[in-house]
Engineer: 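My questions all concern the structure below.
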Amino acid sequence: MIYLGEGYQERGTVVFPRDSTRTLFITWKDTVNARNPALIQVVGVAWRTAEGIRLGTTLRTLERLNGGPFTMTGFDWDYSGTILSWDGGKLETLSQPHGRVFLSLQPAEHHYDRSVSGDRDISSRHPEMQRLDPVVRTIRVEFY
């Protein structure tokens, strides 16, 4: 079983379970035959997107790759630090016709201004986000 968050688990496949730098979790649309992926979650740091995004990529690097700011959620809740929109930037291509790449960011610090917390949309250009320069902690590909 693969843990997907909020107490939710699903049958799936663990790829490279003995190499933590390459581990992936895959859930399937066809769970009987393990075909047609529904979701791929990157666990290992060896994986990168075509744009070079990996676990640990910083907010400022994402802004540079995107060609500008993006919109994300605040921290300290269920969907903490999830990028909601690339705001028309170059990384809009992470949403393809057959699926979408979801990234979530996490600050290294545990103490930060409450203005970047909670269920709200926040620009990556927010001064506290810039100060924190959070890093990618989750990469998920969800297929349509």
Side-chain angles (χ1 to χ4, degrees), residues 1-29 31 34 36-144:
M1 296 300 276
I2 295 173
Y3 178 74
L4 299 174
E6 296 186 19
Y8 183 68
Q9 296 182 29
E10 195 168 307
R11 286 183 49 171
T13 303
V14 179
V15 180
F16 302 116
R18 293 189 183 112
D19 183 352
S20 63
T21 66
R22 295 174 43 201
T23 304
L24 292 174
F25 297 154
I26 303 174
T27 63
W28 305 98
K29 292 178 184 177
T31 57
N36 300 323
L39 173 124
I40 297 174
Q41 183 160 329
V42 174
V43 179
V45 296
W47 299 101
R48 299 174 191 275
T49 68
E51 299 78 9
I53 300 166
R54 63 171 183 78
L55 297 177
T57 299
T58 66
L59 175 138
R60 290 186 197 130
T61 299
L62 291 173
E63 284 183 325
R64 182 178 49 76
L65 292 170
N66 192 45
F70 51 87
T71 302
M72 58 188 289
T73 64
F75 302 119
D76 302 324
W77 72 294
D78 293 343
Y79 299 101
S80 181
T82 299
I83 296 175
L84 301 172
S85 173
W86 294 106
D87 297 342
K90 296 174 189 172
L91 293 178
E92 290 286 348
T93 58
L94 290 175
S95 296
Q96 299 297 323
H98 303 290
R100 181 172 177 193
V101 176
F102 288 92
L103 303 176
S104 296
L105 307 180
Q106 179 177 358
E109 295 181 31
H110 296 292
H111 302 288
Y112 41 82
D113 188 274
R114 302 304 295 168
S115 66
V116 296
S117 293
D119 182 5
R120 65 175 66 130
D121 296 359
I122 301 171
S123 172
S124 62
R125 298 302 305 157
H126 186 288
E128 184 71 351
M129 283 296 182
Q130 288 293 302
R131 184 186 75 75
L132 291 168
D133 199 19
V135 299
V136 174
R137 70 172 168 91
T138 304
I139 300 174
R140 292 170 55 123
V141 182
E142 295 184 12
F143 295 91
Y144 306 129

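Model, not experiment: these values are computed from the prediction. Just so you know, residue 1 is the first one in the sequence shown, and it goes up from there.
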Engineer: Rounded to the nearest 0.5 Å, how far does CG of Leu132 lie from CD of Gln106?
Structural biologist: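 It comes to 11.0 Å.
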Engineer: To the nearest 0.5 Å, what is the distance between CG on Leu103 and CE on Met72?
Structural biologist: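 These two atoms lie 10.0 Å from each other.
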Engineer: Working to the nearest 0.5 Å, report the span between CG of Leu65 and OG1 of Thr57.
Structural biologist: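 Atom-to-atom, Leu65:CG and Thr57:OG1 are 7.5 Å apart.
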Engineer: Is there a side-chain contact between Trp28 and Arg11 (heavy atoms, below 4.5 Å)?
Structural biologist: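 No. Closest side-chain heavy atoms not under 4.5 Å.
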Engineer: Go through the steps for Glu63 and Ser124 under the test side chain to side chain donor-acceptor pair (under 3.5 Å), then give the verdict.
Structural biologist: CA-CA 8 Å; Glu63 284 183 325; Ser124 62; 2.6 Å; yes
Engineer: If I take atom CZ from residue Arg48 and atom CD1 from residue Ile53, how far apart are they, to the nearest 0.5 angstrom?
Structural biologist: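 The CD1 atom of Ile53 is 11.0 Å from CZ of Arg48, to the nearest 0.5 Å.
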Engineer: So, taking the atom named CD1 in Ile122 and the one named OG in Ser115, what distance separates them when rounded to the nearest 0.5 Å?
Structural biologist: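 Spacing of CD1 (Ile122) from OG (Ser115) equals 6.5 Å.
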Engineer: What's the verdict on salt bridge (Lys or Arg N to Asp or Glu O under 4.0 Å) for Arg114 and Asp76, showing C-alpha distance, side-chain angles and the deciding distance?
Structural biologist: CA-CA 9 Å; Arg114 302 304 295 168; Asp76 302 324; 3.3 Å; yes
Engineer: Ion pair present between Lys90 and Glu92, side-chain N to carboxylate O less than 4.0 angstrom?
Structural biologist: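 A salt bridge is absent here (no side-chain N lies under 4.0 Å from a carboxylate O).
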Engineer: Roughly how far, to the nearest 0.5 Å, is OG1 of Thr21 from CH2 of Trp47?
Structural biologist: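 The CH2 atom of Trp47 sits 9.5 Å away from the OG1 atom of Thr21.
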Engineer: Evaluate the side chain to side chain contact (heavy atoms under 4.5 Å, CB included) criterion for residues Arg140 and Ile40: first the C-alpha distance (whole Å), next the side-chain angles of each, then the deciding distance (0.1 Å), finally the verdict.
Structural biologist: CA-CA 6 Å; Arg140 292 170 55 123; Ile40 297 174; over 6 Å; no
Engineer: Taking all heavy atoms of Pro107 and all of Tyr112, pick out the closest pair and write down the distance.
Structural biologist: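 In terms of heavy atoms, the two residues are closest at CG-CE2, 3.6 Å.
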Engineer: Do Val42 and Leu55 have side chains that get closer than 4.5 Å, going by heavy atoms?
Structural biologist: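 Yes, close enough: below the 4.5 Å cut-off.
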Engineer: Will you find, in the side chains of Asp121 and Thr71, an N or O donor that is under 3.5 Å from an N or O acceptor?
Structural biologist: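 No, Thr71 and Asp121 have no side-chain donor paired with an acceptor closer than 3.5 Å.
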Engineer: Closest approach of Gln41 and Thr138, non-hydrogen atoms and distance?
Structural biologist: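 In terms of heavy atoms, the two residues are closest at NE2-CG2, 4.4 Å.
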Engineer: A side-chain contact here means heavy atoms from C-beta on lying under 4.5 Å apart; do Phe25 and Thr13 qualify?
Structural biologist: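 No - every pair of side-chain heavy atoms lies 4.5 Å or more apart.
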Engineer: Could you tell me if Arg22 sits above the aromatic ring of Phe16, with its cationic atom closer than 6.0 Å to the ring centre and no more than 45 degrees from the axis?
Structural biologist: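 So Arg22 does make the cation-pi contact.
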Engineer: Set out, in order, the CA-CA distance, both residues' side-chain angles and the distance that settles side chain to side chain contact (heavy atoms under 4.5 Å, CB included) for Phe102 and Ile83, then state yes or no.
Structural biologist: CA-CA 7 Å; Phe102 288 92; Ile83 296 175; over 6 Å; no
Engineer: Do side-chain atoms of Asn36 reach the backbone of Lys29 as a donor and acceptor pair under 3.5 angstrom?
Structural biologist: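 No, because the side chain of Asn36 does not come within donor-acceptor range (under 3.5 Å) of the backbone of Lys29.
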Engineer: Decide yes or no on ring-ring contact (aromatic ring centres under 6.0 Å, His included) for Trp77 and Phe75, but give the supporting numbers first.
Structural biologist: CA-CA 6 Å; Trp77 72 294; Phe75 302 119; over 10 Å; no
Engineer: Treating Glu128 as the side-chain partner and Asp113 as the backbone partner, does any N or O pair qualify as donor plus acceptor under 3.5 Å?
Structural biologist: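 Here the side-chain-to-backbone pair exists.
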Engineer: Under the 3.5 angstrom rule, does the side chain of Thr73 hit a backbone N or O of Tyr79 as a donor-acceptor pair?
Structural biologist: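 Answer holds: yes.
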Engineer: Measure the shortest side-chain to side-chain distance between Leu39 and Ile2 over non-hydrogen atoms and say whether it is less than 4.5 angstrom.
Structural biologist: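 In short, these two side chains do not touch, never coming nearer than 4.5 Å.
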Engineer: Looking at side-chain heavy atoms only, is the closest gap between Val43 and Leu24 below 4.5 Å?
Structural biologist: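 They are not in side-chain contact.
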Engineer: Just do the side chain to side chain contact (heavy atoms under 4.5 Å, CB included) check on Leu105 and Met129 with the steps written out, would you?
Structural biologist: CA-CA 10 Å; Leu105 307 180; Met129 283 296 182; over 6 Å; no
Engineer: Show your reasoning for whether side chain to side chain contact (heavy atoms under 4.5 Å, CB included) applies to Leu59 and Gln130.
Structural biologist: CA-CA 8 Å; Leu59 175 138; Gln130 288 293 302; 3.2 Å; yes
Engineer: Assess whether side chain to side chain donor-acceptor pair (under 3.5 Å) is satisfied between Thr61 and Thr58, documenting all intermediate values.
Structural biologist: CA-CA 5 Å; Thr61 299; Thr58 66; 2.8 Å; yes
